[in-house]
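Structure record follows, encoded as structure tokens.
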There are 2 protein chains.
Amino acid sequence: MKRVKKQRLERAGWVVGDSAQFLRLSVEENRFIELKLALATGVRELRERRGLTQAALAHRLGSSQSRVAKMEAADRSVSLDLIMRSLLTIGATATDIAKWIKRAETARAA
Amino acid sequence: MKRVKKQRLERAGWVVGDSAQFLRLSVEENRFIELKLALATGVRELRERRGLTQAALAHRLGSSQSRVAKMEAADRSVSLDLIMRSLLTIGATATDIAKWIKRAETARAA
DNA sequence: GTCGCCTATGTCCAACATGACATATTTCGC
DNA sequence: GCGAAATATGTCATGTTGGACATAGGCGAC
């Protein structure tokens, strides 16, 4: 299909592509989960490197130990927002975060 | 204060540091917001580059045009989760994401 | 002009994430 | 092994985020 026509159809809200389109959602869900996992691991690494307990970090975040535990486990019930806030709170730099995100990508390749 | 002692106190849940400690929260909130903003901008850039309308992207996400609009505006009511999912759905690579995150950092320096 | 199309903004209420708490389970020094 | 500290897991009420819808604003083509 011509590129221009494809874009026109897509602009209209239609998904033009392979018949495996419906699989996309789950594929992207996986990518998302891996990303979350990578960043969750980042939280743990950084926390430990700082010599903080989960409770101490929770205190800093105004959260609770249980939530930090779930966070590091990349539990379904914890949002990326919380993970990211935690990373920033522990003092992660943009470079650190970028590193972990790329790690997620490389993990996929395996 | 000795590094080891400091860590011991922190393990116990105490925040040891400068008296401006209480400012930390808002500082980190700012960092977080800038990050969100940078990624939101990323969504818009990538969407436009793909020639998609907000409605089309919403369709792909199983969301609605209004949410995409709010998302690109980094509205308070949209989470980083949604932004990240969108980025992945549009086909952002880890490298892209890392780039935008770093952009947030550089923006801070200004 | 006005007609389409795209984007922005506001408001519902259902679904989900949150901190808090209680309670396992693991880990580690002794 | 014991005990204490750290971490893991479950549940709940309350606040936040979600898609949906309505509607307003913007912008180019005609």
Side-chain angles (χ1 to χ4, degrees), chain A residues 4-5 7-14 25 28-29 32-33 35-37 39-90, chain B residues 4-5 7-14 25 28-29 32-33 35-37 39-90:
Chain A
V4 177
K5 174 158 188 194
Q7 285 206 348
R8 275 191 66 176
L9 286 172
E10 284 177 336
R11 287 177 76 78
W14 301 108
L25 210 117
E28 265 130 31
E29 189 61 17
F32 181 69
I33 289 172
L35 196 122
K36 222 165 112 172
L37 201 64
L39 292 176
T41 305
V43 171
R44 167 155 291 166
E45 274 186 22
L46 207 46
R47 175 179 65 80
E48 289 179 343
R49 202 184 308 159
R50 296 264 188 281
L52 293 171
T53 66
Q54 290 183 343
L57 173 56
H59 179 83
R60 284 203 190 185
L61 288 168
S63 182
S64 57
Q65 178 268 326
S66 57
R67 202 127 282 283
V68 173
K70 288 177 224 262
M71 183 164 69
E72 294 185 351
D75 189 285
R76 300 185 80 268
S77 85
V78 348
S79 71
L80 203 55
D81 294 56
L82 189 60
I83 295 179
M84 204 58 100
R85 280 176 206 275
S86 303
L87 283 173
L88 296 177
T89 298
I90 316 183
Chain B
V4 177
K5 171 158 188 194
Q7 285 203 349
R8 274 191 66 174
L9 286 172
E10 284 177 337
R11 288 177 75 79
W14 300 108
L25 210 115
E28 265 131 32
E29 189 60 16
F32 181 71
I33 289 173
L35 195 119
K36 218 164 116 173
L37 203 64
L39 292 177
T41 306
V43 171
R44 167 156 291 167
E45 275 186 20
L46 206 46
R47 174 179 66 80
E48 289 179 343
R49 203 185 308 161
R50 296 264 189 279
L52 293 170
T53 65
Q54 290 183 344
L57 172 56
H59 179 82
R60 283 204 191 185
L61 288 168
S63 180
S64 57
Q65 178 268 325
S66 58
R67 204 126 279 285
V68 173
K70 286 177 226 263
M71 185 164 66
E72 294 184 352
D75 188 287
R76 299 187 78 267
S77 84
V78 353
S79 69
L80 203 56
D81 293 58
L82 190 58
I83 296 179
M84 204 55 100
R85 279 175 205 276
S86 303
L87 285 173
L88 295 178
T89 298
I90 317 181

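Heavy-atom basis, side chains included; hydrogens, waters and symmetry copies ignored. The chains referred to below are lettered A, B, ... by the order of the sequence lines, with proteins before strands, and numbering in each begins at 1.
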Could you tell me how far apart B:Leu61 (CG) and D:dG19 (P) are, to the nearest whole angstrom?
8 Å

Apply side-chain hydrogen bond (donor to acceptor under 3.5 Å, both in side chains) to B:Arg44 and list each qualifying residue two or more places apart in sequence or on a separate chain.
B:Glu72

Quick one, A:Arg49 and A:Leu46 - any side-chain contact, counting heavy atoms below 4.5 Å?
yes

Euclidean distance, atom CD of residue B:Gln54 to atom P of D:dG25 [Å, nearest integer]
17 Å

Below 4.5 Å, heavy atoms only, C-beta onward: do A:Ser86 and A:Leu61 meet side chain to side chain?
yes

Do any N or O atoms from the side chain of A:Lys36 and from the backbone of A:Val78 form a donor-acceptor pair under 3.5 angstrom?
yes

Nearest whole angstrom, please: distance from the P of C:dA8 to the CG of B:Leu57.
13 Å

Give each protein N/O atom lying under 3.5 Å from an N/O atom of nucleotides 26-29 of chain C, with the pair distance.
none

Atom-pair distance (CG on A:Leu52; P on D:dA5), nearest Å:
18 Å

Within the structure provided, determine whether B:Arg47 and B:Gln54 are in side-chain contact (heavy-atom separation under 4.5 Å).
yes

When you measure from the side-chain N and O atoms of B:Arg44 to the phosphate of C:dA8, is any distance below 4.0 Å, counting only OP1 and OP2?
yes

Each nucleotide of nucleotides 10-18 of chain D classed B (base within 4.0 Å of a protein heavy atom), S (only sugar-phosphate) or -, in 5' to 3' order, makes BB-----SB

Nearest whole Å is fine: how far is C:dT18 P from A:Met84 CE?
14 Å

Spacing between A:Glu72 atom CD and D:dT9 atom P, to the nearest angstrom:
12 Å

Taking the side chain as every heavy atom from C-beta outward, state whether B:Leu52 and B:Arg60 have any pair of such atoms under 4.5 Å apart.
yes

Ignoring hydrogens and angles, answer whether the base of D:dA6 and the side-chain atoms of A:Gln65 contain a donor-acceptor pair closer than 3.5 Å.
no

Heavy-atom check, side chain of A:Arg76 versus side chain of A:Lys70, under 4.5 Å
no

Quick check: do B:Ser77 and B:Arg67 have side-chain heavy atoms less than 4.5 Å from each other?
yes

Whole-Å distance, A:Asp75 CG to C:dC16 P, equals 14 Å

Side chain to side chain, B:Leu35 and B:Leu80, heavy atoms closer than 4.5 Å:
yes

